[in-house]
Amino acid sequence: MKTQKERMLAGELYIADNPELGREMRRGKRLARAYSQTTEGEGAYRSDLLKQLFNKIGQNGYLEPPFHTDYGSNTTIGDNFYANYDAIFIDVAPITIGNNVFMGPRVGLYTAGHPIDAEIRAEQLEYGLPITIGDNVWFGGNVVVNPGVTIGSNVVIGSGSIVTKDIPDGVVAVGNPCHVLREITTQDRDYWEKQKAAYYADCEDK
């Protein structure tokens with residue numbers, strides 16, 4: 001028979017009130033709380049806590065405290081990651097985040113789900129489905145990503161969006177439910193290249 005942890009990570013129904021899961025959840029919450037209580041002068045300690053907390057976090061990973069998670073150990077993060085205040089990662093199923101991902105304040109990644117049937121839900125049975133995020137993704141503030149969603153690479157998710165379905169590569173997506181607004185084009189690239197050039201020209205003049 002599978003353990004409750006094995007069932008949880010496989011996306012099957014499980015019961016969270018379990019000694020093994022309880023120990024791992026307490027560990028994750030303890031590390032997240034310790035991180036959230038650090039100060040700006042404790043950069044090395046913050047980095048060490050994040051390495052302990054997550055399954056993996058790449059180079060230049062940073063989260064503005066406070067940060068909340070269930071386990072942390074089921075979350076894998078690539079290089080150059082930034083999350084602003086009050087990020088919440090409910091990682092009862094794996095969360096996988098690529099490189100160069102930026103998050104505005106109060107972004108929530110929620111892998112947890114509960115049965116629609118009320119009687120079964122009341123028996124404390126629940127499940128989780130993984131969330132996967134590609135490279136070069138920017139989330140506006142107050143975005144929620146639901147269980148089982150995959151977001152492609154080179155994507156912008158607009159503020160306040162509720163992401164219930166997969167989002168393809170190379171688009172701006174917004175709304176509740178979140179939907180593709182438009183593709184990101186070469187015109188976007190040209191515009192921001194001009195803005196960048198103007199910035200550096202201005203800096204050089206100074």
Side chain proximity check, [X] to [Y], heavy atoms < 4.5 angstrom:
X	Y	result
Thr76	Pro94	no
Ile15	Leu125	yes
Pro177	Ile162	no

When rounded to the nearest 0.5 angstrom, what is the spacing between [atom1] in [X] and [atom2] in [Y]?
X	Y	atom1	atom2	result
Ile95	Ile77	CD1	CD1	8.5 Å
Ile57	Lys51	CD1	NZ	9.5 Å
Met103	Glu64	CE	CD	14.0 Å
Leu63	Tyr82	CG	OH	9.0 Å
Leu31	Gln52	CG	CD	5.5 Å
Asp166	Cys178	CG	SG	11.0 Å

Under 4.5 Å between side-chain heavy atoms, hopping through other hydrophobics if needed: is there a path connecting [X] to [Y]?
X	Y	value
Ile184	Ile167	yes
Val174	Val149	yes
Phe81	Tyr85	no
Leu13	Leu21	no
Leu129	Val143	no

Would you mind listing every side-chain hydrogen bond (donor to acceptor under 3.5 Å, both in side chains) that reaches into [range], with sequence neighbours excluded?
range	answer
residues 18-34	Lys5-Glu24
residues 123-139	Tyr14-Glu126, Asn100-Asn136, Asn136-Asn154
residues 174-187	Arg182-Asp188, Thr185-Gln187, Thr185-Asp188

The criterion is salt bridge (charged side-chain N to carboxylate O under 4.0 Å, His left out); which residues satisfy it with [X], sequence neighbours excluded?
X	result
Lys2	Glu12
Glu193	Arg189, Lys196
Lys194	none
Arg106	Asp86

*Could you tell me which residues satisfy side-chain contact (heavy atoms from CB on, under 4.5 Å) with Pro105, sequence neighbours excluded, listed by chain and number?*
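Result, side-chain contact (heavy atoms from CB on, under 4.5 Å) vs Pro105: Asn84.
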*Who are the side-chain contact (heavy atoms from CB on, under 4.5 Å) partners of Val137, not counting sequence neighbours?*
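Counting only residues at least two positions away or on another chain, Val137 forms a side-chain contact (heavy atoms from CB on, under 4.5 Å) with Val101, Ile133, Phe139, Ile151, Val155.
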*Phe67: ring pair (Phe, Tyr, Trp, His ring centres under 6.0 Å) partners, not counting sequence neighbours*: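 Residues passing ring pair (Phe, Tyr, Trp, His ring centres under 6.0 Å) with Phe67: Phe54, Phe89.
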_Worked verdict on Val171 versus Leu181 for side chain to side chain contact (heavy atoms under 4.5 Å, CB included)_ = CA-CA 7 Å; Val171 298; Leu181 179 66; over 6 Å; no
*Would you kindly say whether Asn146 and Thr164 are connected by a side-chain donor-acceptor distance under 3.5 Å?*
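Short answer, no.
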Check for a donor-acceptor pair, side chain of [X] on one end and backbone N or O of [Y] on the other, with a separation under 3.5 Å.
X	Y	result
Ser47	Gly43	yes
Asn142	Ser159	no
Asp79	Gln59	yes

Please report the shortest heavy-atom distance between [X] and [Y], naming the atom on each side.
X	Y	answer
Ser161	Gly158	OG-O, 2.7 Å
Ile120	Pro115	CG2-CG, 3.9 Å
Ala32	Thr69	CB-CG2, 4.1 Å
Ala93	Gly128	CB-C, 3.7 Å
Tyr110	Ile131	N-CD1, 3.5 Å
Ile90	Thr111	O-OG1, 2.6 Å

*Name all residues meeting the side chain to side chain donor-acceptor pair (under 3.5 Å) criterion together with Asn74; count only those two or more places apart in sequence or in a different chain, and write none if there are none.*
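Once residues adjacent in sequence are excluded, Asn74 has no partner under the side chain to side chain donor-acceptor pair (under 3.5 Å) criterion.
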*Linking directly or through intermediates, with side-chain heavy atoms under 4.5 Å: list the remaining ILVMFWY members grouped with Trp192, chain and number order.*
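For the cluster that includes Trp192, the remaining residues are Tyr191.
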*asked:* Counting only heavy atoms from other residues, nucleotides and ligands, does the tally under 6.0 Å from CG of Asp117 exceed 12?
replied: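 Count over threshold, so yes.
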*asked:* Among Asn55, Leu53, Asp91, which residue satisfies the side chain to side chain contact (heavy atoms under 4.5 Å, CB included) criterion with Tyr71?
replied: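 Passing option: Asp91.
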